[in-house]
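All values below come from the heavy atoms of this structure, side chains included, with hydrogens, waters and symmetry mates left out. Residue numbers count from 1 along this sequence. Since the structure is predicted, the reported quantities are computational estimates derived from the model, not experimental observations. Ligands are counted one by one from 1 in listed order, and the atoms in each one are counted from 1 as well.
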Amino acid sequence: MVMRRVYFDNNATTPVLPQVFEAMRPYFTEHFGNASSIHHHGQETRAAVERARESVATLLGCRAPEVVFTGGGTEGDNLGVFGVLREDLKDGAHIITSTIEHSAVLNTCRQLETLGMAVTYVPVNASCLVDPDDVRRALRPNTQLISIMMANNETGVLQPVEEIGKIAAEADVYFHTDAVQAAGKVAIDVERIGCDLLTISGHKIHAPQGVGALYVRKGTQVTPRLFGGRHERSRRAGTENVPAIVGLGKSAEFAHAGFTNGEVALMSSLRDQLQSALLHEVDESVVNGAGAPRVPNTTNIRFEHIEGEALVIALDLKGLAVSTGAACSSGAIEPSHVLTAMGLRPDQARASIRFSLGKQSKPEDVDFALSLVPATVAKLRELSPVYAK
Ligand code: PLP
């Protein structure tokens, strides 16, 4: 018998939608042209790339020429952060970011520090929220960029990006936001946010891995990170990955439709059911970031007195895929930098599990999770020397 498997790790990656796959398929074989070629084959793929650009622009509320296709979210974040900095200014560059960014932004900022630039990492409160006043207070005369994410990948908490956008505009500082985990889950409108740069990634919205887009506001100069041909209006060199870009365009259309066809609403109600049933059935369980607005697919729950990694493995053996926010490096499990930034003790951070639902999630998937999680937590607690009932 085939084991039943339920996938609640959609913040890690999502399956490519069959319709997205079908849209991509002809661009591997039949329509194979290089989008820069001037003959028929090139014109065909160029037209497909430009249609995809329109679809992404519709999702983000921007104009098509403001969309730069990238090789994923990490590349978009790197281009967004590095791209606008003026290294030639004599008083150097200062950047403001937060302590809960994805490593694609955090490590980019650390790299900038090694190059002599100054970075302020603004903290978050216990609900995983950045205080816009902290951002305002961190401004310096030489601040060139604010990079604060729209939605956190571990807790799903939505940051006050519109307020931060206003602060950036008043200070005449560039504002980049990593919207990788927001796309398809909450509406994105670059005008309302007031950002100059915004990153999305294909594989979080049912397109393939290794493709993404960076919104670059008209008039904003970005220095490429990859040098070569004049692709993407000289902002990102390299022959376009046409099938992946077509997939991203199609997935953007589905992501946009999800706000009105009930898909996002269903995902949200399934998440809420899962979360409230778990809180009800498991003692000493707490939602990390519960006090803040969150994306509708994510709940990060701390089951006190357990090792999250052990719970993930035990659930996986029974067919449920979830994750911890912890990064496992060289055999040592580091507590999540996001949860510790919220003030959780390392043991509390390690006791936390992220459930992230997707468009393909069904009510019976929630039932399946509920049939496993409370009993597995109870079992792990029984085995735990530190847990006394
Ligand atoms: N930013 C956030 C918030 C993410 O969650 C991720 C992926 O987990 C990335 C950036 C990186 O995107 P990619 O995997 O496409 O490089």
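Ion pairing of Arg302 with Glu304 is present here, as a side-chain N (NZ or NE/NH1/NH2) and a carboxylate O approach within less than 4.0 Å. Ion pairing between Glu50 and Arg53 holds under the 4.0 Å rule for side-chain N and carboxylate O. Using a 4.0 Å cut-off between charged side-chain N and carboxylate O, Arg51 and Glu54 make no salt bridge.
The distance between the ring centers of His206 and Phe254 does not fall below 6.0 angstrom.
A distance of 9.0 Å separates CD in Glu232 from OG1 in Thr70, rounded to the nearest 0.5 Å. Put simply, CG on Asn11 and CZ on Phe355 are 12.5 Å apart, with the number rounded to the nearest 0.5 Å.
In this structure, ligand 1 sits under 4.0 Å from heavy atoms belonging to Gly72, Gly73, Thr74, Asp77, His102, Met149, Asn153, Asp178, Val180, Gln181, Ser201, His203, Lys204.
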